[in-house]
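What follows is a set of notes on a single structure, which appears directly below.
Ligands are counted one by one from 1 in listed order, and the atoms in each one are counted from 1 as well. Counting from 1, the numbers follow the sequence of the chain as shown.
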Amino acid sequence: MKFKIFVAALVTSAVALPSSYSLGTPGSHAHLFSEDVTNMSFPEGFMWGYASAAYQVEGGWDADGKGESIWDYDAHNHPDWWPENQNGDIACDSYNQAAVDVELLRRQGVNTYRFSIAWPRILPDGTLNNISQKGIDYYKDLISQLKENNIEPLVTMHHWDNPRAIEDKGGFMNETIIDYFYDYAELLFKTYGDDVKWWITFNEPKQTCGGGYDYGGISPNIRNLGRGGYICAHNLLRAHAKVYRMYEQKYKATQQGRIAIVVDESWVEPASNSTADIEAAERANLMTVGWFAHPVVYGDYPEIMKQRIDSRSAQQGLSESRLPKFTEEEKIELKGTYDYLCVNMYSSVLGAAQDEAPITDISIGGDISVNQYQPDDWEKTVTSWFKVVPWGARHLVRWLRDTYGDEKGIMVTENGYHDSGNEMDDLNSRGRYHKLYLSNLNDAIYKDGVNLIGYMAWALLNDVEWYAGWQVNLGHYHVDFDSANRTRTPKQSADYYKKVVTTNCLVDSCESSTKKIKLA
Ligand code: NOJ
């Protein structure tokens, strides 16, 4: 079943290691795991929220003239890729129940809500030729309800759901997507920019591109190993840069918002303190997280990535590198196109040196050539790639700070726990997961001095976990997918998270702190 491919796609995620690291004993790294929870308060101004994505919660797939997305297309043309009828046609019905969701957010006490706008809801064929007023109004209304409740909207423009009409032109394989996305983004700034101060262009481009156009597992699920992902990423990064610059030149002075791109990981920890493993883990992190973070911070792909793919391409007898090159103008345009650094985090892996992949292996994995694995004694969840590794969260944000700086602030834009979605007494599973990850992030703030500005839990609701339907879920609220109104019921994790966000404290009582988050 397709879900397996999806899971395989996600496990290829990654990140790496500051040079000043204390590695401890090589091996399983079980010694790094601790159940101790800090009693330090989170800094003043910390952004606490939930994250979601349009396809996963909205439903209303063709309501009021919405255009077909690539996921709608898959749901209707490849039903065998999904658990029976568990797709986004209705999902959580949030298209009709935005007020219910906002009420739950209010009850949870969060100050931020990250959601995505479905491009084909606003522009049914992806272009300005047809603007859906009903689509525009849906998000206007959601944004104003959030603001009435003092909840800051944090808006993702693209969370994997290309309009089918744009995909028919090649999607991210065709550079024309840059102009289409630019037009769409400008419409969003014009329409919502007075109210939205926190923007994200793309969610998890490594998944969009790797899963979408390279190794499969994410719609449009095209396999073009070792090539498609790089072409997609190149066009996506150019689109990101153009949108960032447009906002900077035309809207920032009046609208005063911030723009970022969300990178995703599985943090890659060196499997041992040998130089070879340390280098291997660093390479894996740079060629996954750095694939996107490096260009937006420094204007180009990491050196090691360029060297390796150029050299392997030449050895493969290709006349050009499989990794496209930015022009000098594009590098200048890209460099510094972020106002805060966003990362989604779930799990971690160990990275060990291995023999160079055979030159016949044309793939992203072959280009990286690092043995990435999770020891059997790491704590499991329902999903094969997803093990509970709280210390990885701290190492990851520390590495981001050391590699990219944190003066503009680092935000965790997703973190959450996979189970079947039906466990209501999830205090010791999901609740504990958030507690331990947050405790490690709090240590990163106080012990390592990382400027972490916010944390978005995934997710408020059980939802459509893409090709896994609702077989796997992460919500703090159970959703009855058999009921017409998709009844939402809080799990124990909802109460725990509410306590955390309303007190800034993970345990019964905390030491107060005078620390404040720093924004650029
Ligand atoms: C990352 C994706 O951004 C989100 O859509 C997904 O549901 C979560 N991972 C949970 O697996």
| request: With heavy atoms only and a cut-off of under 4.0 Å, state how Glu465 meets ligand 1: side chain, backbone, both or neither. | output: side chain

| message | Under a plain distance cut-off of 3.5 Å, with no hydrogens placed, do Tyr467 and Asp74 share a side-chain donor-acceptor pair? | response | yes

| field | Where ligand 1 meets His159 - atom numbers and elements under 4.0 angstrom, heavy-atom basis | value | 2 (C), 3 (O), 4 (C), 5 (O)

| remark: Residues at least two apart in sequence or cross-chain that pass salt bridge (Lys or Arg N to Asp or Glu O under 4.0 Å) with Asp183, listed by chain then number, are none

| Is it true that the side chains of Ser116 and His159 contain a donor and an acceptor less than 3.5 Å apart? | no

| query | So is there a nitrogen or oxygen of Gln56 less than 3.5 Å from a nitrogen or oxygen in ligand 1? | reply | yes

| query | Should you measure from each heavy atom of Tyr346, which atoms of ligand 1 turn up under 4.0 Å away? | reply | 8 (C), 9 (N), 10 (C)

| Under a 4.0 Å N-O cut-off, is there an ion pair linking Glu167 with Arg164? | no

| note | To atom 1 (C) of ligand 1, the nearest of Met345, His418, Glu414 on a heavy-atom basis is Glu414

| query | For ligand 1, which atoms sit closer than 4.0 Å to a heavy atom of Asn203? | reply | 3 (O)

| Any chance the side chains of Gln145 and Asp141 put a donor and an acceptor closer than 3.5 Å? | yes

| said: Any heavy atom of Trp466 closer to ligand 1 than 4.0 angstrom? | reply: yes

| query | Under 4.0 Å from ligand 1, counting heavy atoms only, is it the side chain of Asp264, its backbone, both or neither? | reply | neither

| message | What I'd like to find out is whether the side chain of Val102 reaches to under 4.5 Å of the side chain of Tyr113, using heavy atoms alone. | response | no

